[in-house]
Protein chains: 2
Amino acid sequence: MPPNDPVYRESGIALWRQIAGRLKEEIATGARPPGSQLPTEALLSARFGVNRHTVRRALEELNRDGLVRVEQGRGSFVAEDVLDYTVEARTRFSEWIRRHNKEPSGRIRQLRALAADHHVANRLGIRTGSRVVMMERLGFADDKPVSLTQHYFAAARLKGILEALQSSAGITEALKKVGIDDYLRQQTRVTARLPTPTEADLLRTARSRPVLVCENINVDRSGAIVEFASGCYPTPRVQIVFEP
Amino acid sequence: MPPNDPVYRESGIALWRQIAGRLKEEIATGARPPGSQLPTEALLSARFGVNRHTVRRALEELNRDGLVRVEQGRGSFVAEDVLDYTVEARTRFSEWIRRHNKEPSGRIRQLRALAADHHVANRLGIRTGSRVVMMERLGFADDKPVSLTQHYFAAARLKGILEALQSSAGITEALKKVGIDDYLRQQTRVTARLPTPTEADLLRTARSRPVLVCENINVDRSGAIVEFASGCYPTPRVQIVFEP
DNA sequence: ATGCATTTGTTCGTATGTATG
DNA sequence: GCATACATACGAACAAATGCA
């Protein structure tokens, strides 16, 4: 099969530079949207009528420039814009998303009371087995899922929190209804793991791509713990940034 | 094969509770050290002379209590103490480790000059292709590997940095030799990915377990960028903590 | 890449003892 | 005595993840 889109030989510009330039243009114009998969190296070499090594040289360049991401065994992908999750004392989901000029939205997946396990109880500073209210919420930026977070509240400390959450648009609003006018982030703890099948599905991420797990403890002005939240965020779409 | 360490039936205490208690004791006494693998469920059920479900019920309890970590396809492991990597303005490796009452050490794996790629140049605020000095160092806490970090320095800004690093015990000392008395962390960026085979090997972590990738930009007192460092840390042994 | 052995995870079904009304 | 509900315990089979050759 002849190349259907050949590059110019003996033009004084190396073939791989021409190819890199063409692909850069296709990415810049939006013909290849962020996150989309590039053709395989074999297909590209057929298209341009060059050896696969020449295509690889071009892809290497695009990779070094951060325009594409090459994954062994999977393929090459146009780099996605990264959502920097900047951790500050007063971090709210909607503000985070809006700062990136995207439209925040969310879907509540669970909202119920249960008994705290060891981990949750520890973080909330209560006894294992105490009643807590848990809300699980899937967060979107421009209809793309970016977070899946479980929020935990000590039922004894925040009477009526379940009903408040049911009748409110957001957490800040619900906490106001139970007398918490303001809350601050006391601690943020970050780790990572592979997603469960459900998480991978909800966050539209590959099962082999880790999620960042970000645990927050939020306190009221007196320093009493109000909320413990454990959220997961798909990499590399989301990165967590600290600026002291 | 008869059980060699049976539990008491009709004792008024559920079998799974007895098993959980025995295992808890073995962990508490140090007979099963942190990170060690428990016998398989099949072996445990043979040892206690019960069904595998009964053992699983006990392991579930220990897992909820945070004493063991169960991993499908691998086994159950005694929980390890987590090394909290607390991000502060003046974060130094040795101080981090000593704060956990462990002995810091390190092994330099690479130290050389090279041309900055797009990413490194961006972070250092220099042009792509500029000369940079890179030092790769494997960090240990009590002889257990906990970090693998590449440190980048702009060669033009820090003349003699390569020689200074060669003749110094640590980065802080080397920077002093080239006139940087103090440096502060300006930004920390966290993401995660699966380790390369080499990384997994060096950090003694499973290839399926993600590493946290932590990128730092360090500046001198005038705000000029001194160092860009990109380190990876094995999860869940290391967690990154931020306290505003 | 493929298959195999090992190990945990899930889902059936069955049976038993205990507490409750 | 009887019906019910619940936790406990066992058995078998299969699914899914891991590691290795």
Side-chain angles (χ1 to χ4, degrees), chain A residues 40-43 52 70-76 114-115 117 119 128-129 191-203 205-211 213 232 235, chain B residues 1-24 26-27 32 34-80 145 192-211 234-237:
Chain A
T40 64
E41 292 174 358
L43 278 173
R52 186 169 150 242
V70 183
E71 290 183 40
Q72 185 173 10
R74 299 220 318 135
S76 301
L114 44 77
D117 67 11
H119 185 66
T128 304
T191 182
R193 57 174 169 74
L194 291 178
T196 65
T198 308
E199 286 167 347
D201 193 42
L202 290 171
L203 294 172
T205 188
R207 296 232 35 202
S208 61
R209 193 100 51 90
V211 289
V213 178
C232 53
T235 58
Chain B
M1 195 175 69
N4 58 11
D5 189 10
V7 282
Y8 304 108
R9 287 162 195 273
E10 296 158 30
S11 70
I13 302 167
L15 300 184
W16 68 266
R17 284 183 201 279
Q18 296 183 49
I19 294 170
R22 295 268 272 274
L23 293 175
K24 271 182 197 175
E26 291 173 12
I27 292 170
R32 300 195 178 279
S36 65
Q37 181 163 14
L38 291 177
T40 67
E41 294 174 355
L43 278 173
L44 286 174
S45 55
R47 166 181 162 192
F48 293 118
V50 299
N51 188 276
R52 190 174 144 231
H53 286 299
T54 312
V55 169
R56 283 180 61 76
R57 181 76 183 80
L59 287 176
E60 208 176 286
E61 166 95 350
L62 297 189
N63 193 36
R64 270 230 322 278
D65 286 357
L67 268 78
V68 307
R69 188 168 29 80
V70 184
E71 289 182 44
Q72 181 171 8
R74 304 221 314 139
S76 298
F77 303 84
V78 179
E80 289 175 90
R193 57 173 168 75
L194 292 179
T196 65
T198 307
E199 287 167 346
D201 193 42
L202 290 170
L203 294 172
R204 301 217 186 293
T205 189
R207 270 200 283 281
S208 61
R209 192 106 44 93
V211 289
T235 58
R237 287 216 304 277

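Convention: sequence-line order gives letters A, B, ...; per-chain numbering from 1.
Arg74(B) has its CZ atom 16 Å from the C1' atom of dG9(C), to the nearest Å. Remark: C1' of dT8(C) and CZ of Phe77(B) are 11 Å apart, rounded to the nearest angstrom.
Comparing Leu194(A) and Arg17(B) against DNA chain D, the residue whose closest nucleotide sits nearer the 5' end is Arg17(B). Sequence order on DNA chain D of the closest nucleotides to Ala206(B) and Trp16(B) puts Trp16(B) first from the 5' end.
For the segment residues 51-60 of chain B, the set of residues with a heavy atom within less than 4.0 Å of an atom of DNA chain C comprises Arg52(B), His53(B), Arg56(B), in numerical order.
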Under 3.5 Å, which donor-acceptor pairs do the side chains of residues 68-75 of chain B form with other protein atoms, sequence neighbours left out?
from	atom 1	to	atom 2	distance (Å)
Arg69(B)	NH1	Glu71(B)	OE2	2.4
Glu71(B)	OE1	Arg74(B)	NE	3.1
Glu71(B)	OE2	Arg209(B)	NH2	3.0

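Listed by chain and residue number, nothing satisfies the ring-ring contact (aromatic ring centres under 6.0 Å, His included) test with His53(B) (two or more places apart in sequence, or in another chain). Under the salt bridge (charged side-chain N to carboxylate O under 4.0 Å, His left out) criterion, Arg207(B) pairs with no residue at all, not counting sequence neighbours.
With a cutoff of under 4.0 Å to any heavy atom of chain B, the contacted region of DNA chain D is bounded 5' to 3' by dT8(D) to dG19(D).
Listed by first and then second residue, the salt bridge (charged side-chain N to carboxylate O under 4.0 Å, His left out) pairs that reach into residues 50-63 of chain B are Lys24(B)-Glu61(B), Glu41(B)-Arg52(B), Glu41(B)-Arg56(B), Glu61(B)-Arg64(B), sequence neighbours excluded.
In a base pair of the Watson-Crick type (N1 to N3 plus N6-O4 or O6-N4) or a G-U wobble (N1-O2 and O6-N3), with each distance short of 3.5 Å, dG1(D) is matched with no nucleotide.
A salt bridge links Glu26(B) to Arg47(B): one of the charged nitrogens lies within less than 4.0 Å of a carboxylate oxygen.
Listed for the Thr235(A) side chain is a donor-acceptor partner under 3.5 Å among the backbone atoms of Pro210(A).
The shortest non-hydrogen separation linking Arg237(B) to Arg204(B) is NH1-O, 3.4 Å.
Across all strands, Arg209(B) comes closer than 4.0 Å to no nucleic acid atom at all (heavy-atom distances).
To the nearest 0.5 Å, the span separating CZ on Phe48(B) from CZ on Arg22(B) amounts to 5.0 Å.
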